[in-house]
**Student:** 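Pasting in a structure now, in structure tokens, and then I'll have a few things to ask.
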Amino acid sequence: MLRLALVGLDSSHADHYVRLVEVERRWPGVRVVALVDGEPARRGELAAAGGLSLGAGEVTVPDVVGRVDAAIVAHRAGRLHGAAARTLLRAGVPVLVDKPFAASVADARATLDVAHAHGTAVTTASALRFAPEVAAARAGLAARTAETVPTAEAAPTSPEPVVEVSGPADPADERDGLFFLGIHVVEAARAVVGGPPGAGWAPPVVTTSADGIVATTRLGGVPVRLRFLDPGAHPTAGFTVAVRTPRGVERSEVVLDADYLAPVVEHALAVLAGADGETARIDAEHATVLADLALLEQVTAALPA
């Protein structure tokens, strides 16, 4: 049995994790055995929902070290993830960190350095990475890119396609500023573009308007336009992905169903199962985490004071 601790209970993600793992038993042999870093009433609510019998003393991260095999760190504010994750990683407990992984590059690097030093797996993923609309946009980009590549017989048929991703994000958000939801915009764009793993973003050109923020950049040579929509101006905005060419725009709104976090857990379980001997993959994943946060730091730094 894989004994799992859920750390950070204030997000609605905690309800999903308890439902998927405990109520619906999606992954045989995986069980939630500890609920940590939450108000007593919230801890009791989640325990009742999952039919969990929990020890009264297992309420802080150090309490569960030695009693669990892995953990999900899922505070609503990403700035709280680092301290909890580092304590677990130092103790040899692999960790899935919810998004945002951190609210600064420095904090993220500190966590990744601990994971590297102790040889403990840590991973993170936005649910948007696994959305079918993102996969369709990636396929569309590949098709449009193929049309623009010159052959010996022909010149390019059109200018290079541009990836556009938009979603709500507020640089004044009290939790993590632009990182809180903006990381999903960035990770969705990376998933549409694809490799190379660990690639950094070109320095962004940032503009602002009443609608929000636009950051124009490149990844792996592909032009990317990120739109961070002001939630006040767009209170019902979701996430959209698009590929723009001179012939038009192929745009889709990302629809997240009730099980949108299931692929995130499956990703984490796969990472934990195959962590040994995958140094190149681990290094690339860590580089990706830092690159995506660095882009958000650059966008934030470019905003008017």
Side-chain angles (χ1 to χ4, degrees), residues 11 13 72-74 76 78 81 96-105 107-109 111-112 122-139 141 163-171 173 175-202 204 212-220 222-229 237-243 252-256 260-268 270-271 281-282 284-300:
S11 168
H13 287 190
I72 299 175
V73 175
R76 187 163 173 78
H81 290 160
L96 164 64
V97 180
D98 214 30
K99 289 292 184 178
F101 185 86
S104 72
V105 171
D107 192 32
R109 182 175 285 112
T111 299
L112 297 173
V122 61
T123 191
T124 187
S126 166
L128 270 67
R129 182 194 302 187
F130 310 103
E133 296 86 357
V134 170
R138 182 166 57 248
L141 174 65
V163 171
E164 298 181 345
V165 179
S166 67
D170 183 358
D173 187 279
R175 288 159 292 241
D176 300 305
L178 203 61
F179 295 86
F180 180 63
L181 290 175
I183 191 61
H184 298 292
V185 175
V186 174
E187 188 160 333
R190 179 180 288 275
V192 172
V193 173
W201 298 84
I213 302 161
V214 175
T216 303
T217 179
R218 296 178 78 93
L219 179 66
V222 177
V224 177
R225 186 175 297 119
L226 306 172
R227 297 182 65 217
F228 303 100
L229 302 176
F239 296 93
T240 64
V241 293
V243 176
S252 297
E253 182 172 357
V254 178
V255 179
L256 299 176
Y260 70 97
L261 286 175
V264 175
V265 178
E266 290 169 357
H267 162 79
V271 169
R281 182 199 59 75
I282 293 169
E285 182 172 11
H286 289 190
T288 297
V289 170
L290 295 175
D292 289 354
L293 292 173
L295 177 62
L296 287 169
E297 279 196 349
Q298 291 172 330
V299 174
T300 300

**Student:** Less than 4.5 Å apart, any side-chain heavy atom of I183 and any of D292?
**Tutor:** yes
**Student:** Show me the donor-acceptor pairs within less than 3.5 Å that the side chains of residues 125-134 make with the rest of the protein, sequence neighbours left out.
**Tutor:**
| residue | atom | partner | partner atom | Å |
| --- | --- | --- | --- | --- |
| S126 | OG | L128 | N | 3.1 |
| S126 | OG | H184 | ND1 | 2.8 |
| R129 | NE | E187 | OE2 | 2.8 |
| R129 | NH2 | T124 | O | 3.4 |
| R129 | NH2 | E187 | OE2 | 2.8 |
| E133 | OE2 | V255 | N | 3.4 |

**Student:** Quick one: pull up CG in L290 and CZ in R109 and give me the separation to the nearest 0.5 Å.
**Tutor:** 5.0 Å
**Student:** Can any side-chain N or O of D107 pair as donor or acceptor with the backbone N or O of A102 at less than 3.5 Å?
**Tutor:** no
**Student:** For R225, give me all partners under salt bridge (Lys or Arg N to Asp or Glu O under 4.0 Å), at least two apart in sequence or on another chain.
**Tutor:** E164
**Student:** Between L295 and A202, what is the shortest heavy-atom contact and its length?
**Tutor:** CD1-O, 4.4 Å
**Student:** Which pair of heavy atoms, one from P168 and one from G238, lies closest together, and at what distance?
**Tutor:** CD-O, 3.6 Å
**Student:** Is the closest side-chain heavy-atom distance between F101 and V122 below 4.5 Å?
**Tutor:** yes
**Student:** Show the nearest heavy-atom pair for residues D176 and P100, with the distance to one decimal.
**Tutor:** OD2-CG, 3.6 Å
**Student:** E285: what forms a salt bridge (Lys or Arg N to Asp or Glu O under 4.0 Å) with it, not counting sequence neighbours?
**Tutor:** R281
**Student:** Distance check, rounded to the nearest 0.5 Å: I213 atom CD1 versus S166 atom OG?
**Tutor:** 13.0 Å
**Student:** Can any side-chain N or O of R227 pair as donor or acceptor with the backbone N or O of G212 at less than 3.5 Å?
**Tutor:** no
**Student:** Taking all atoms of both residues into account, what is the closest heavy-atom pair of V299 and A215, and its distance?
**Tutor:** CG2-CB, 3.8 Å
**Student:** Quick one: pull up CG in L178 and CD in Q298 and give me the separation to the nearest 0.5 Å.
**Tutor:** 12.5 Å
**Student:** Tell me the closest heavy-atom pair linking G200 and A291, and the distance in Å.
**Tutor:** CA-CB, 4.0 Å
**Student:** So, taking the atom named CH2 in W201 and the one named CZ in R218, what distance separates them when rounded to the nearest 0.5 Å?
**Tutor:** 12.0 Å
**Student:** Just wondering, do E297 and F179 contact through their side chains at under 4.5 Å, heavy atoms?
**Tutor:** yes
**Student:** State the CZ-NE2 distance between R76 and H13, to the nearest 0.5 angstrom.
**Tutor:** 8.0 Å
**Student:** Between V186 and F228, is a side chain to side chain contact (heavy atoms under 4.5 Å, CB included) present by the stated rule, with each step listed?
**Tutor:** CA-CA 10 Å; V186 174; F228 303 100; 4.3 Å; yes
**Student:** Using modelled atom types only, decide if a donor and an acceptor are shared between the side chain of T123 and the backbone of L96 within a distance under 3.5 Å.
**Tutor:** no
**Student:** Could you report the tightest heavy-atom contact between A237 and L229, atom names first, then the distance?
**Tutor:** CB-CD1, 3.8 Å
